[in-house]
Amino acid sequence: MYKAAVLTVSDRSARGERPDAAGPLVASMLEAAGYAVAEQAVVPDEQEEIQSALRRMADQQGIALVITTGGTGFSPRDVTPEATLAVCQRMTPGIAEAMRAASLAITPRAMLSRAVSGIRGGTLIVNLPGSPKAARENLEAVLPALEHGLKMLLEGQADCAALDRK
(Lines give C-alpha, C1' and ligand atoms only; values in the text may rest on other atoms or scores of the structure.)
Protein backbone atom coordinates (compact mmCIF):
# COMPACT_ATOMS: atom_id res chain seq x y z
CA MET A 1 0.00 0.00 0.00
CA TYR A 2 1.49 3.32 -1.06
CA LYS A 3 1.04 6.60 0.80
CA ALA A 4 -0.79 9.32 -1.12
CA ALA A 5 -1.68 12.95 -0.54
CA VAL A 6 -4.16 15.28 -2.21
CA LEU A 7 -3.38 18.96 -2.65
CA THR A 8 -6.26 21.20 -3.70
CA VAL A 9 -5.20 24.48 -5.29
CA SER A 10 -8.01 27.03 -4.99
CA ASP A 11 -8.08 30.64 -3.82
CA ARG A 12 -11.74 30.41 -2.83
CA SER A 13 -11.41 27.12 -0.94
CA ALA A 14 -8.26 28.37 0.81
CA ARG A 15 -10.20 31.44 1.98
CA GLY A 16 -13.13 29.29 3.15
CA GLU A 17 -15.51 30.80 0.59
CA ARG A 18 -16.20 27.50 -1.18
CA PRO A 19 -15.96 23.94 0.13
CA ASP A 20 -13.37 21.75 -1.52
CA ALA A 21 -15.34 19.18 -3.52
CA ALA A 22 -12.62 17.74 -5.77
CA GLY A 23 -10.04 16.99 -3.07
CA PRO A 24 -12.23 14.70 -0.97
CA LEU A 25 -13.49 12.98 -4.13
CA VAL A 26 -9.93 12.29 -5.30
CA ALA A 27 -8.98 11.06 -1.82
CA SER A 28 -11.90 8.62 -1.78
CA MET A 29 -10.93 7.31 -5.22
CA LEU A 30 -7.36 6.75 -4.05
CA GLU A 31 -8.52 4.97 -0.90
CA ALA A 32 -10.82 2.74 -2.96
CA ALA A 33 -7.81 1.85 -5.13
CA GLY A 34 -5.81 0.79 -2.06
CA TYR A 35 -3.76 3.90 -1.32
CA ALA A 36 -3.30 5.20 2.22
CA VAL A 37 -4.22 8.89 2.02
CA ALA A 38 -1.92 10.51 4.56
CA GLU A 39 -2.93 14.11 3.94
CA GLN A 40 -5.46 16.35 2.25
CA ALA A 41 -4.51 20.02 2.07
CA VAL A 42 -5.79 23.21 0.44
CA VAL A 43 -3.54 26.06 -0.71
CA PRO A 44 -4.27 29.23 -2.68
CA ASP A 45 -3.19 29.71 -6.30
CA GLU A 46 0.25 30.96 -5.28
CA GLN A 47 3.20 29.25 -6.94
CA GLU A 48 5.50 29.41 -3.90
CA GLU A 49 2.83 27.94 -1.59
CA ILE A 50 2.10 25.13 -4.04
CA GLN A 51 5.82 24.37 -4.43
CA SER A 52 6.33 24.43 -0.67
CA ALA A 53 3.47 21.96 -0.10
CA LEU A 54 4.74 19.64 -2.86
CA ARG A 55 8.30 19.70 -1.45
CA ARG A 56 7.03 19.04 2.09
CA MET A 57 4.87 16.11 0.99
CA ALA A 58 7.67 14.58 -1.09
CA ASP A 59 10.77 15.34 0.95
CA GLN A 60 9.58 15.39 4.56
CA GLN A 61 6.57 13.08 4.53
CA GLY A 62 7.82 10.56 1.97
CA ILE A 63 4.51 10.49 0.11
CA ALA A 64 4.68 8.17 -2.91
CA LEU A 65 1.85 9.79 -4.88
CA VAL A 66 0.74 13.43 -4.69
CA ILE A 67 -2.35 14.33 -6.66
CA THR A 68 -3.10 18.02 -7.14
CA THR A 69 -6.48 19.32 -8.18
CA GLY A 70 -7.06 22.78 -9.57
CA GLY A 71 -4.99 25.51 -11.14
CA THR A 72 -4.44 23.83 -14.52
CA GLY A 73 -6.40 26.17 -16.78
CA PHE A 74 -5.72 29.40 -18.65
CA SER A 75 -6.49 31.89 -15.87
CA PRO A 76 -3.51 34.05 -14.89
CA ARG A 77 -3.86 32.59 -11.35
CA ASP A 78 -3.61 28.99 -12.64
CA VAL A 79 0.01 28.16 -11.80
CA THR A 80 -0.12 24.54 -10.61
CA PRO A 81 1.74 23.22 -13.68
CA GLU A 82 4.50 25.80 -13.22
CA ALA A 83 4.84 24.88 -9.54
CA THR A 84 4.98 21.18 -10.42
CA LEU A 85 7.58 21.76 -13.13
CA ALA A 86 9.68 23.77 -10.67
CA VAL A 87 9.88 20.97 -8.08
CA CYS A 88 10.16 17.88 -10.30
CA GLN A 89 13.47 16.41 -11.44
CA ARG A 90 11.97 14.22 -14.17
CA MET A 91 8.75 14.66 -16.11
CA THR A 92 6.24 11.92 -16.94
CA PRO A 93 4.42 13.36 -19.96
CA GLY A 94 2.54 10.17 -20.82
CA ILE A 95 0.32 10.54 -17.75
CA ALA A 96 -0.93 14.00 -18.72
CA GLU A 97 -1.20 12.92 -22.36
CA ALA A 98 -3.38 9.95 -21.36
CA MET A 99 -5.63 12.17 -19.25
CA ARG A 100 -6.10 14.66 -22.07
CA ALA A 101 -6.75 11.88 -24.60
CA ALA A 102 -9.42 10.33 -22.39
CA SER A 103 -10.99 13.71 -21.69
CA LEU A 104 -11.08 14.63 -25.38
CA ALA A 105 -13.50 11.75 -25.87
CA ILE A 106 -15.84 13.61 -23.50
CA THR A 107 -15.26 17.28 -24.29
CA PRO A 108 -13.17 19.30 -26.77
CA ARG A 109 -12.27 21.61 -23.88
CA ALA A 110 -9.89 18.92 -22.61
CA MET A 111 -7.24 20.32 -24.94
CA LEU A 112 -7.19 23.44 -22.75
CA SER A 113 -5.76 21.54 -19.78
CA ARG A 114 -2.19 22.48 -18.92
CA ALA A 115 -1.83 19.64 -16.40
CA VAL A 116 1.60 18.01 -16.06
CA SER A 117 3.07 15.17 -14.05
CA GLY A 118 6.54 14.41 -12.85
CA ILE A 119 8.84 12.81 -10.32
CA ARG A 120 10.56 14.42 -7.33
CA GLY A 121 12.83 11.90 -5.66
CA GLY A 122 10.57 8.98 -4.80
CA THR A 123 7.32 10.91 -5.33
CA LEU A 124 5.08 10.96 -8.37
CA ILE A 125 3.13 14.23 -8.71
CA VAL A 126 0.07 14.35 -10.96
CA ASN A 127 -2.02 17.45 -11.72
CA LEU A 128 -5.80 17.11 -12.14
CA PRO A 129 -8.36 19.76 -13.06
CA GLY A 130 -10.29 21.46 -10.26
CA SER A 131 -13.79 20.47 -11.29
CA PRO A 132 -14.91 17.31 -9.45
CA LYS A 133 -16.30 15.80 -12.67
CA ALA A 134 -13.10 16.45 -14.63
CA ALA A 135 -10.90 15.36 -11.71
CA ARG A 136 -12.77 12.03 -11.53
CA GLU A 137 -12.59 11.44 -15.29
CA ASN A 138 -8.89 12.28 -15.47
CA LEU A 139 -7.92 10.17 -12.47
CA GLU A 140 -9.97 7.21 -13.75
CA ALA A 141 -7.97 7.38 -17.00
CA VAL A 142 -4.58 6.89 -15.31
CA LEU A 143 -5.20 5.32 -11.91
CA PRO A 144 -4.85 1.71 -13.11
CA ALA A 145 -1.28 2.38 -14.32
CA LEU A 146 -0.01 4.46 -11.40
CA GLU A 147 0.70 1.56 -9.04
CA HIS A 148 2.92 -0.06 -11.68
CA GLY A 149 4.80 3.22 -12.14
CA LEU A 150 5.25 3.62 -8.38
CA LYS A 151 6.57 0.09 -8.11
CA MET A 152 9.21 0.88 -10.74
CA LEU A 153 10.04 4.21 -9.07
CA LEU A 154 10.20 3.01 -5.49
CA GLU A 155 11.30 -0.60 -5.80
CA GLY A 156 13.33 -0.33 -8.99
CA GLN A 157 11.46 -3.18 -10.53
CA ALA A 158 8.18 -4.18 -12.01
CA ASP A 159 7.35 -6.94 -14.44
CA CYS A 160 6.26 -4.84 -17.41
CA ALA A 161 5.61 -7.97 -19.46
CA ALA A 162 3.14 -9.24 -16.85
CA LEU A 163 0.52 -6.83 -18.16
CA ASP A 164 0.98 -8.24 -21.66
CA ARG A 165 0.27 -11.77 -20.39
CA LYS A 166 -3.11 -10.85 -18.91
Side-chain angles (χ1 to χ4, degrees), residues 1-16 18-73 75 77-99 113-132 134-156 158:
M1 177 181 295
Y2 293 111
K3 285 193 336 184
V6 179
L7 180 65
T8 298
V9 180
S10 167
D11 285 332
R12 287 183 279 177
S13 292
R15 289 191 302 259
R18 178 180 66 189
D20 174 17
L25 171 67
V26 168
S28 70
M29 290 176 69
L30 291 171
E31 288 171 343
Y35 290 86
V37 177
E39 181 179 354
Q40 292 182 63
V42 178
V43 296
D45 291 273
E46 295 290 343
Q47 186 168 339
E48 279 300 320
E49 289 192 49
I50 300 164
Q51 288 174 204
S52 177
L54 293 174
R55 285 191 298 264
R56 177 179 52 75
M57 290 171 172
D59 302 346
Q60 296 170 13
Q61 293 181 261
I63 302 292
L65 177 63
V66 176
I67 303 289
T68 71
T69 179
T72 61
S75 166
R77 300 275 306 150
D78 289 336
V79 294
T80 303
E82 288 75 16
T84 303
L85 289 167
V87 302
C88 287
Q89 291 118 358
R90 298 186 294 155
M91 301 316 295
T92 57
I95 294 171
E97 291 166 5
M99 291 189 303
S113 171
R114 297 183 322 105
V116 298
S117 62
I119 296 167
R120 178 180 178 88
T123 301
L124 175 61
I125 301 170
V126 178
N127 298 160
L128 299 179
S131 127
R136 173 187 296 279
E137 291 166 356
N138 279 253
L139 187 55
E140 284 174 343
V142 298
L143 191 55
L146 296 184
E147 183 178 356
H148 184 75
L150 290 171
K151 187 170 187 163
M152 288 190 297
L153 176 64
L154 299 171
E155 300 171 28

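With hydrogens and angles disregarded, a donor-acceptor distance shorter than 3.5 Å links the side chain of T123 to the backbone of I63. When atom types are taken as modelled, the side chain of T69 and the backbone of P129 share a donor-acceptor pair closer than 3.5 angstrom. Checked by atom type and distance alone, the side chain of R120 pairs as donor or acceptor with a backbone atom of V87 at under 3.5 Å.
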*Test Y2 against L150 for side-chain contact (heavy atoms from CB on, under 4.5 Å), laying out the working first.*
CA-CA 8 Å; Y2 293 111; L150 290 171; 4.0 Å; yes
*Please test L128 against M99 for side-chain contact (heavy atoms from CB on, under 4.5 Å), starting from the C-alpha separation and ending with a verdict.*
CA-CA 9 Å; L128 299 179; M99 291 189 303; 3.5 Å; yes
Show me the side-chain donor-acceptor pairs of residues 18-29 shorter than 3.5 Å, one per line, residues at least two apart or across chains.
unit_1, atom_1, unit_2, atom_2, d
R18, NH2, S10, OG, 3.1
D20, OD1, T8, OG1, 3.3
D20, OD1, A22, N, 3.3
D20, OD1, G23, N, 2.9
D20, OD2, T8, OG1, 2.7
S28, OG, L25, O, 2.8

With a cut-off of 3.5 Å and sequence neighbours excluded, list every side-chain donor-acceptor pair involving residues 47-54.
unit_1, atom_1, unit_2, atom_2, d
Q47, NE2, Q51, OE1, 2.7

Show which side-chain atoms of residues 30-45 pair as donor or acceptor with protein atoms under 3.5 Å away, not counting sequence neighbours.
unit_1, atom_1, unit_2, atom_2, d
Y35, OH, E147, N, 3.4
E39, OE1, R56, NH1, 2.8
E39, OE1, Q61, NE2, 3.2
E39, OE2, R56, NH1, 3.3
E39, OE2, R56, NH2, 3.1
D45, OD2, D11, N, 3.0

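Applying the 6.0 Å contact sphere to CZ of R15 captures more than 12 heavy atoms from other residues, nucleotides or ligands.
No hydrogens or angles considered: a donor-acceptor pair under 3.5 Å links the side chains of N127 and T84. Between S117 and T92, the side chains place a donor N or O and an acceptor N or O closer than 3.5 Å (distance only, hydrogens not considered).
Taking all atoms of both residues into account, the shortest heavy-atom contact from G122 to L154 is O-CD2, 3.1 Å. In this structure, A5 and M57 approach most closely via the heavy-atom pair CB-SD, 3.9 Å. I95 approaches V142 most closely through the heavy-atom pair O-CG1, 3.6 Å.
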